Each structure stands twice: as C-alpha cells, then as structure tokens.
Amino acid sequence: MKAKAKSTEASIASATGKLLRSYFGKGPGALYVSLAHSYVTIYLKDFITPMESVLLKQKQALKIEETRDIVMEKCMPELKAMWHNEFGIQAQHIYYDWNLANKTGVIFADLKGAQLTKHFSALSSEQEAKIHQEIKRFTEKAQKAPRNIASVRLNERTIISKREDILVSIEKELISSGFEEQLRLSKRKLEKNIINRSYLESILKQRIEDLFVDWDFQQDIGYVVFILQAEK
C-alpha cells in the first residue's frame with residue numbers, strides 16, 4: 001500500500017511539473033508530493049524563471065507575485081481536471097503561495113470527502129495547543145481571532161493549519177468591491193512578518209524551512225503551511 005501511495009505521489013509530481021512548465025515556461029527543479037489527511041500538498045523547489053530572476057534582482061517581487069497569480073488562475077482549472085481524471089483526486093479548492101527569495105512554493109488542496117486514510121504521527125496535544133495559541137495571536141493581530149483552528153501533520157516535514165472566520169468587515173468590503181487580489185498580496189506579506197517562527201520551532205523542535213499562507217475569501221477560510229527542515 002505504501003509503495004502504491006509513493007507511486008501515485010511520484011506520478012502527481014511528474015504530471016504537475018509538466019503542467020506548470022507549459023504555463024510558466026519553466027518547471028520546478030523538484031516537487032515533493034504528499035497525500036494525507038484529505039489534503040494533497042506539493043512543495044516546489046528551484047521554481048523561478050529567468051525573467052523573474054531579473055525582476056527579483058530589481059526588487060520587483062510584487063510584480064512577480066501579481067503575474068503568477070494571473071497565470072495560476074488560468075492554470076488551476078486544468079490542474080484540478082488533471083488530478084481528477086488521472087488520479088481520482090477531487091479538489092474542492094486549490095491554494096498556492098511562494099517564497100521568491102528561496103525559489104520555492106507550495107500548491108495544495110483540500111479534497112472532497114474522506115478520500116485518504118494515510119496518517120502521519122499526530123502532533124501532541126501540547127504541541128497543537130501551543131501552535132494554535134500562536135496562530136490565534138498573529139491572526140488576531142492581522143485581522144481577528146479565528147472561530148476555529150484545525151492542524152494536521154501530513155508527514156515529517158509538513159503541517160497544515162486551517163483557520164475559519166477570520167475576515168474583518170473592511171476586508172469583506174474590499175473583496176465584494178473587487179479588490180481581492182490587492183488584499184491577498186498585502187495579507188501574504190503581513191501574516192508572514194508577524195508569525196513568531198522561533199517560538200514555533202521551539203515547540204516543534206524542528207527548524208521552519210518555509211512558511212506559506214493562502215485563503216478562500218468567499219468561504220472565509222485561511223491556511224498556514226509549515227515546511228520543516230528534515231530531521232537528521
């Protein structure tokens with residue numbers, strides 16, 4: 001069963017890499033796929049085009065993010081259809097985020113129904129409580145405290161935390177007025193800057209290699225994805 005899961009994950013990585021290459025002109029150098037807890041996550045490494053490298057040197061990271069958001073909006077329906085047709089994965093919503101300085105990114109989705117049974121060793125109750133305390137703190141500082149937080153550990157390197165009911169009235173108004181993209185770009189930077197990484201690392205006893213955020217604004221849901229350094 002484990003061999004079959006690994007084979008499926010490798011196939012998803014290959015197919016997703018090809019699709020990204022067709023849209024961006026260059027695919028990631030490596031993709032790491034995990035199927036667990038009704039999530040599929042794809043961690044991308046060495047993912048930046050030559051043109052983006054030039055813009056990054058000119059401190060134009062925001063332009064890169066804006067362009068990538070446009071490309072991903074076009075790419076996601078095909079990505080969702082490919083996952084469904086080739087692997088039987090029914091994604092409810094596809095999320096993504098980037099760390100341009102590290103040339104990394106993540107694409108992930110919550111899946112319809114309880115499709116997956118693979119579970120990694122869970123977070124301890126103490127770890128979960130302290131992680132949720134920090135998530136509540138920084139979310140409240142950026143907008144408001146979540147009504148609910150749920151965290152799962154997908155593998156030794158990946159943790160996903162889901163936050164519900166976090167948008168304040170002004171954010172909802174911006175979304176309804178058509179400023180969703182501007183809000184997304186601003187919130188990405190804000191939230192990453194106020195998360196206390198060193199505190200979370202002390203709880204997990206692992207260094208946080210990468211940290212990503214994204215939202216489903218229509219459903220008032222936000223995610224934080226922690227990519228941890230592999231244990232030696």
Side-chain angles (χ1 to χ4, degrees), residues 13 16-33 41-79 93-109 134-135 138-139 141-143 157-161 163 166-168 170-171 174-175 177-201 207-217 221-229:
T16 302
K18 288 177 183 176
L19 184 61
L20 291 174
R21 191 177 303 115
S22 72
Y23 275 89
F24 286 89
K26 179 189 181 300
L31 297 88
Y32 302 93
V33 177
T41 63
I42 305 177
Y43 181 46
L44 316 172
K45 301 196 82 171
D46 189 25
F47 186 43
I48 195 159
T49 68
M51 183 181 293
E52 289 174 338
S53 293
V54 173
L55 289 170
L56 203 55
K57 288 175 183 176
Q58 296 177 349
K59 304 188 185 302
Q60 298 294 323
L62 194 60
K63 285 187 178 179
I64 298 173
E65 289 197 41
E66 289 173 339
T67 303
R68 283 193 175 193
D69 284 352
I70 293 169
V71 175
M72 285 301 295
E73 285 302 310
K74 295 293 183 183
C75 174
M76 283 193 296
E78 189 173 344
L79 184 61
H93 190 97
I94 295 177
Y95 303 86
Y96 59 90
D97 189 20
W98 324 106
N99 183 336
L100 297 175
N102 286 354
K103 302 179 185 178
T104 56
V106 71
I107 298 172
F108 64 101
E134 170 57 18
I135 289 172
F138 84 77
T139 305
K141 188 172 182 179
Q143 50 257 304
R157 296 192 61 199
T158 311
I159 296 171
I160 288 186
S161 294
R163 303 166 289 164
I166 58 175
L167 298 174
V168 295
I170 186 62
E171 291 175 319
L174 286 168
I175 292 163
S177 299
F179 294 99
E180 186 171 314
E181 174 65 7
Q182 291 87 342
L183 181 62
R184 185 182 307 277
L185 293 170
S186 298
K187 284 172 71 67
R188 276 178 185 160
K189 184 176 181 180
L190 173 62
E191 289 204 341
K192 290 176 187 178
N193 284 341
I194 61 178
I195 293 174
N196 190 335
R197 292 192 184 207
S198 59
Y199 173 69
L200 292 171
E201 287 173 341
R207 191 175 74 82
I208 296 173
E209 188 172 308
D210 255 324
L211 190 152
F212 302 101
V213 293
D214 199 10
W215 304 265
D216 180 343
F217 286 136
I221 293 170
Y223 284 94
V224 187
V225 180
F226 303 97
I227 303 295
L228 308 176
Q229 189 174 62

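One is the number of the first residue; the rest follow in order along the sequence. Everything quoted here is computed from the prediction, not taken from an experiment.
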Handout entry: Test side-chain contact (heavy atoms from CB on, under 4.5 Å) applied to Y223 and I160, D216, V106, the passing residue
Key = I160
Kindly indicate whether the side chain of [X], heavy atoms from C-beta on, has any atom under 4.5 Å from the side chain of [Y].
{"X": "I175", "Y": "L167", "answer": "yes"}
{"X": "V225", "Y": "D97", "answer": "no"}
{"X": "T158", "Y": "I227", "answer": "yes"}
{"X": "E52", "Y": "L100", "answer": "no"}
{"X": "W215", "Y": "H93", "answer": "no"}
{"X": "F138", "Y": "N196", "answer": "no"}
{"X": "Q60", "Y": "V54", "answer": "no"}
{"X": "K192", "Y": "V213", "answer": "yes"}

Handout entry: E171 (side chain) donor-acceptor with V168 (main chain) under 3.5 angstrom
Key = yes
Practice task
Indicate yes or no for a side-chain donor-acceptor contact from S22 to the backbone of L19 under 3.5 Å, with no hydrogens or angles considered.
Solution key: yes
Measuring from atom [atom1] of [X] to atom [atom2] of [Y], what distance do you get when rounded to the nearest 0.5 angstrom?
{"X": "D210", "Y": "L44", "atom1": "CG", "atom2": "CG", "result": "10.0 Å"}
{"X": "F226", "Y": "L200", "atom1": "CZ", "atom2": "CG", "result": "5.0 Å"}
{"X": "K26", "Y": "M51", "atom1": "NZ", "atom2": "CE", "result": "14.5 Å"}
{"X": "L62", "Y": "E66", "atom1": "CG", "atom2": "CD", "result": "4.5 Å"}
{"X": "D214", "Y": "R184", "atom1": "CG", "atom2": "CZ", "result": "5.0 Å"}
{"X": "Y43", "Y": "F212", "atom1": "OH", "atom2": "CZ", "result": "5.5 Å"}

Exercise for the section: Would you mind checking if R163 and E191 are paired as a salt bridge, meaning a charged N to carboxylate O distance below 4.0 Å? Expected result: yes
Handout entry: SB check E209 R157 (cutoff 4.0 Å)
Key = yes
Handout entry: Flag if over 12 foreign heavy atoms under 6.0 Å of OH, Y199
Key = yes
Heavy-atom pair with the smallest gap, counting every atom of [X] and [Y]:
{"X": "L20", "Y": "P28", "value": "CD1-CG, 3.9 Å"}
{"X": "I107", "Y": "M72", "value": "CD1-CE, 4.1 Å"}
{"X": "L56", "Y": "A61", "value": "CD1-CB, 4.1 Å"}
{"X": "I48", "Y": "S53", "value": "CG2-OG, 3.8 Å"}
{"X": "K141", "Y": "I194", "value": "CB-CD1, 4.2 Å"}
{"X": "D69", "Y": "E181", "value": "OD2-OE2, 2.6 Å"}

Practice task
Could you tell me whether R68 sits above the aromatic face of Y96, with NZ or CZ closer than 6.0 angstrom to the six-membered ring centre and within 45 degrees of the axis?
Solution key: no
Handout entry: Aromatic ring pairing W98/F47, orientation class (parallel under 30°, perpendicular over 60°, tilted between)
Key = tilted
